[in-house]
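Okay, structure first, notes after.
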Protein chains: 2
Amino acid sequence: MRFHQGLMQMRRYATAVTLRQFGHAHTQTQTQAITHARRGTETTVVRTLASSASPLPELTQISDNVQRGNYAQLNDKDVAHFEQLLGKNHVLTEDLEGYNICFLKRIRGNSKLVLKPGNTQEVAAILRYCNERRLAVVPQGGNTGLVGGSVPICDEIVLSMQRMNKVLSVDEVTGIAIVEAGCILENFDQRARDVGLTVPLDLGAKASCHIGGNVSTNAGGVRVVRYGNLHGSVLGVEAVLANGQVLDLMSNFKKDNTGYHMKHLFIGSEGTLGVVTKLAMLCPHVSKAVNVAFIGLNSFDDVLKTFVSAKRNLGEILSSCELIDELALNTALQQFKFLNSPISGYPFYMLIETSGSNGDHDEEKINQFISQGMERGEILDGTVSGEPGKVQEIWKIREMVPLGLIEKSFCFKYDISLPLRDFYNIVDVMRERCGPLATVVCGYGHLGDSNLHLNVSCEQFNDEIYKRVEPFVYEYTSQLKGSISAEHGIGFLKKDYLHYSKNPVAIQWMRDMKKMFDPNGILNPYKMLN
Amino acid sequence: MRFHQGLMQMRRYATAVTLRQFGHAHTQTQTQAITHARRGTETTVVRTLASSASPLPELTQISDNVQRGNYAQLNDKDVAHFEQLLGKNHVLTEDLEGYNICFLKRIRGNSKLVLKPGNTQEVAAILRYCNERRLAVVPQGGNTGLVGGSVPICDEIVLSMQRMNKVLSVDEVTGIAIVEAGCILENFDQRARDVGLTVPLDLGAKASCHIGGNVSTNAGGVRVVRYGNLHGSVLGVEAVLANGQVLDLMSNFKKDNTGYHMKHLFIGSEGTLGVVTKLAMLCPHVSKAVNVAFIGLNSFDDVLKTFVSAKRNLGEILSSCELIDELALNTALQQFKFLNSPISGYPFYMLIETSGSNGDHDEEKINQFISQGMERGEILDGTVSGEPGKVQEIWKIREMVPLGLIEKSFCFKYDISLPLRDFYNIVDVMRERCGPLATVVCGYGHLGDSNLHLNVSCEQFNDEIYKRVEPFVYEYTSQLKGSISAEHGIGFLKKDYLHYSKNPVAIQWMRDMKKMFDPNGILNPYKMLN
């Protein structure tokens with residue numbers, strides 16, 4: 001009875017895994033990186049943090065040869081105006097490095113002024129003034145973005161949302177929360193959890209990113225497979241437009257069919273059409289039970305079959321479905337000896353999480369799903385646990401994967417959506433293209449959302465590999481009608497590649513839209529559209 | 001042990017209910033109405049169908065004193081052009097009444113031409129020509145809308161999507177279906193069900209409405225509480241713009257952050273910004289088990305507590321949460337003697353449906369939810385069933401409620417979203433305002449989505465009641481920041497009330513948007529914006 005033996009083995013693992021402490025053997029920098037890479041949602045970031053001691057990069061305007069837009073130059077009179085408007089404490093003109101440099105330390109602007117409005121009216125007054133004066137502005141949330149979207153490129157004024165950080169209300173009955181844009185995601189989630197709700201968005205940077213930034217970039221994360229993206233969860237938005245108009249689209253209902261659904265224009269437009277100042281979010285109830293399975297499989301075909309089986313059998317309780325290939329896992333295991341994978345020797349691994357309202361039911365479902373998969377020979381081995389410490393232990397394996405790849409290597413990283421049937425092919429194709437030049441070519445990511453993190457590692461930056469990888473990876477993605485930026489957006493870093501995912505007609509309409517909402521182009525210039 | 005006794009009583013009902021045949025005692029008209037009112041999603045419609053034998057209404061241009069826009073007059077050369085483009089079979093100039101009159105038989109246009117394109121290129125060619133010639137066009141799907149949005153008001157050319165009815169692909173692995181706009185919702189759902197999927201949208205008109213019309217009106221229905229609205233489920237849209245450009249926004253991924261999320265502009269804009277020709281839909285798996293509870297409660301406060309308890313205890317399996325008040329139920333029971341409610345004598349009733357992947361688990365959850373509610377004295381009595389025939393039987397009670405109210409009365413009907421805490425107050429307020437002038441003032445609807453159907457019945461149209469009800473109901477809704485049209489949209493009938501739910505800034509930006517996409521105003525004129 002292989003089925004029963006197999007299942008017993010699965011459960012045995014669950015109790016056999018020893019809890020270990022992470023972080024002890026790590027430097028402060030690495031610990032930061034681990035925190036940020038929690039749940040593996042933000043992969044690129046770890047490389048930079050690991051090298052955070054490195055000197056500041058050149059100013060981006062110089063390094064990337066950016067032609068400054070035809071904006072006015074900031075003068076003392078402007079600063080005095082803002083000081084009168086906001087109070088001197090909320091107008092910064094010194095020590096601006098943290099606002100000028102992106103989280104990846106790749107983009108560095110040269111802003112001379114940071115403004116910290118305390119409410120929507122102040123945001124409106126700032127933008128009205130800047131629009132009249134033709135002063136360029138970059139809205140900034142937690143500055144955790146990975147495409148250089150939230151920092152100045154030249155000398156734009158930084159509009160920091162830090163002070164607009166209040167959770168205005170959380171309604172236990174309706175599940176609707178009203179929150180200011182500058183509220184840190186984790187704080188927002190905590191307030192929701194106080195009444196048994198949770199924010200339907202979870203990502204690595206949750207301890208520092210702002211909910212307004214999340215909305216402005218349509219942030220993804222590990223809950224998309226369960227709760228969908230923010231276009232479904234965000235019920236209302238308040239945004240300040242370039243001319244200082246407050247566009248109140250705060251209707252707080254799941255059903256509201258009165259007019260054009262314009263709020264969606266501010267979800268994912270990266271602050272180029274308006275500054276999100278407030279929003280209404282539909283928050284689901286916290287799940288009473290969370291179970292995680294970590295399983296080994298022989299082929300990507302079996303991975304796909306297992307995903308379909310998970311959707312069918314786990315259905316409404318499926319809350320994450322992650323893929324790690326053998327090379328990705330092994331690299332992490334080699335780099336971090338404290339990691340202990342419950343299984344080894346399989347070409348593919350999946351991390352499947354369930355969240356439900358009844359632990360016994362969920363356990364029964366997940367056991368049945370696994371035993372069926374083992375019976376069919378698709379799932380070869382694994383571990384399952386519902387014990388919170390062990391759930392975290394299993395997640396840590398997934399979380400360390402991106403770190404392993406950059407620990408001692410340079411790594412080309414891509415964040416793409418691909419049709420599931422073609423999801424993994426590009427890893428094989430890339431292995432062939434790079435040959436022995438690359439040390440590791442691997443793939444992992446949010447299988448449940450068709451979101452692959454493709455990684456090509458080598459000892460140090462290698463122009464030959466670079467040419468073999470780019471623009472091939474974008475062309476390949478484009479041919480499959482995939483997305484060249486699944487989670488991270490376009491910002492400054494990907495604007496030259498936008499055409500791989502958007503056709504010329506769509507890009508032209510984006511330009512028209514931008515021109516309509518921001519005719520003087522003062523909002524987040526040098527981003528999104530080139 | 002009241003708890004156990006109560007629960008046993010609940011289960012006894014489940015087997016005691018006798019299946020009855022519906023429809024035998026009804027006229028053809030009424031049967032149609034029942035079909036359309038299936039699941040109680042479209043309440044207004046039944047009044048009209050019940051009186052479908054009435055003579056045609058006056059032309060709306062005359063009855064509503066509509067000033068024809070400055071459009072060109074259709075001539076023989078135009079017709080010849082379209083015949084050459086589409087073939088004579090697909091250009092209709094006679095017997096156009098069905099295309100000219102709305103489902104409610106309230107709006108009647110005077111179009112002289114119906115065009116039936118077979119593909120996107122033909123739609124593009126039609127609009128390009130009409131835009132150059134300044135000929136007004138009304139896109140038409142299944143023509144089941146309730147606000148006069150899909151019929152001509154004056155002499156607009158009808159662009160019928162009937163022929164573009166193909167399901168192009170359904171991917172069992174990803175759950176993504178690609179479908180032409182003119183596909184009937186029920187046919188689309190059937191194709192999805194063939195591979196174990198379902199369209200995450202279910203509404204009364206499913207046998208005749210088009211999926212493109214659903215998307216263009218952001219149709220609601222009874223699955224919103226589970227799957228959210230179409231902004232979350234529709235992954236991609238192809239739309240033809242007024243100038244004939246094809247805007248391809250068909251990226252088929254849950255995660256795609258490349259540029260402005262413009263597809264949402266075509267969801268719910270009622271064909272005024274472009275004609276949706278194709279779309280990608282994320283389809284969930286069909287649930288293996290469906291259970292329905294029909295319960296009686298003493299107060300609206302208990303209704304709210306029970307709703308919160310349902311969200312907490314049923315969580316991921318909750319798929320519908322409907323409210324019916326005593327007067328609404330009793331009116332239906334009086335009018336339709338064949339109806340047999342398992343319980344009676346309570347001020348409020350709730351219909352709660354669960355859909356899940358394991359029938360035993362779901363039954364256990366729903367029993368626990370009910371027994372807890374009974375223990376707390378919130379749920380007083382009821383019936384539960386998972387047997388398909390009985391599930392349907394219970395749904396029929398809900399479905400007949402709107403019919404009961406119009407069977408022998410005139411009925412003022414409103415479709416509004418209100419904050420849950422204030423959800424039912426308006427019914428009491430309205431009772432007081434109308435006094436003995438009204439025969440029935442009652443409320444029912446999609447409690448789980450904060451969507452109330454407020455009904456005021458009287459023997460025949462009564463101007464005094466009308467004045468007491470309108471615009472009070474809109475003012476009241478507006479003061480609570482509710483939505484004056486939760487499901488049905490604005491169309492022609494509600495455009496004068498738009499300002500109750502949208503502020504002047506938002507309406508001005510809607511106008512700007514309209515002007516940008518359709519500078520000559522040829523697309524669905526006289527709708528949405530007045």
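Chain letters run A, B, ... following the sequence lines, proteins first and then strands; every chain starts at 1. For the numbers below, each heavy atom of this structure counts, side chains included, while hydrogens, waters and symmetry mates do not.
For chain A, the nearby parts of B:Met516 are the backbone and the side chain; heavy atoms of each come within less than 4.5 Å. Contact of A:Leu241 with chain B is made through the side chain alone, with heavy-atom distances under 4.5 Å. Looking at A:Leu420, both its backbone and its side chain come within 4.5 Å of chain B, counting heavy atoms on both sides. With a 4.5 Å cut-off on non-hydrogen atoms, A:Met510 touches chain B through its backbone and its side chain both. When heavy atoms are compared at a cutoff of 4.5 Å, B:Ile267 approaches chain A solely by way of its backbone atoms N, CA, C and O. Heavy-atom distances place the side chain of B:Asn503, and not its backbone, under 4.5 Å from chain A. In this structure, chain A has a heavy atom under 4.5 Å from the side chain of B:Phe253, while its backbone stays farther away.
By the 4.5 Å heavy-atom criterion applied to side chains, A:Ser287 and A:Arg226 are counted as neighbours. Within the 4.5 Å cutoff, the side chain of B:Ile484 has heavy atoms near those of the A:Thr258 side chain.
The choice from A:Gly232, A:Gly356, A:Gly315, A:Gly220 that makes the most heavy-atom pairs within less than 4.5 Å of chain B is A:Gly356. With respect to chain A, the highest number of heavy-atom pairs below 4.5 Å among B:Asn451, B:Val147, B:Val173, B:Val308 belongs to B:Val173. Ranking A:Asn313, A:Leu249, A:Val286, A:Leu304 against chain B, the residue ahead of the rest is A:Asn313, based on heavy-atom pairs under 4.5 Å. Most heavy-atom pairs under 4.5 Å with chain A, from the set B:Ile317, B:Val224, B:Asn229, B:Asn358: that is B:Val224. Between chain B and the residues A:Pro284, A:Gly259, A:Gly228, the largest count of heavy-atom pairs under 4.5 Å involves A:Gly259. Of the listed residues (B:Lys494, B:Arg421, B:Glu270, B:Glu172), the one with the most heavy-atom contacts under 4.5 Å to chain A is B:Arg421. Per-residue heavy-atom pair counts under 4.5 Å with chain A were compared for B:Ile507, B:Leu498, B:Leu273, B:Thr272, and the maximum is reached by B:Leu273. Among A:Phe307, A:Tyr500, A:Phe517, the residue with the largest count of heavy-atom pairs under 4.5 Å with chain B is A:Phe517. Of the residues considered (A:Asp360, A:Leu282, A:Val225, A:Leu314), A:Val225 shows the highest number of contacts with chain B, using heavy-atom pairs under 4.5 Å. Ranked by heavy-atom pairs under 4.5 Å with chain B, the list A:His264, A:Arg312, A:His361, A:Lys288 is led by A:His361.
Side-chain atoms of A:Asn257 come within 3.5 Å of backbone N or O of B:Glu487 as a donor-acceptor pair. At least one donor-acceptor pair under 3.5 Å links the side chain of B:Asp518 to the backbone N or O of B:Leu523. In this structure a side-chain-to-backbone donor-acceptor pair under 3.5 Å is missing from A:Ser309 to A:Lys305. The backbone N or O of A:Thr174 lies less than 3.5 Å from a partner atom in the side chain of B:Lys311, making a donor-acceptor pair.
A salt bridge does not link B:Lys255 to A:Asp415: none of the charged side-chain nitrogens sits closer than 4.0 Å to a carboxylate oxygen.
Taking the salt bridge (charged side-chain N to carboxylate O under 4.0 Å, His left out) definition, one finds that B:Lys502 meets it with A:Asp256, sequence neighbours left out.
Atom NZ of A:Lys495 is surrounded by more than 12 heavy atoms from other residues, nucleotides or ligands within 6.0 Å.
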Inset, instruction - For the pair A:Asn218 and B:His261, evaluate side-chain contact (heavy atoms from CB on, under 4.5 Å) and give the outcome as yes or no after the intermediate values. - result: CA-CA 9 Å; A:Asn218 187 32; B:His261 295 231; 3.2 Å; yes
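With no hydrogens or angles considered, no side-chain donor-acceptor pair links B:Ser417 and B:Ser483 at under 3.5 Å.
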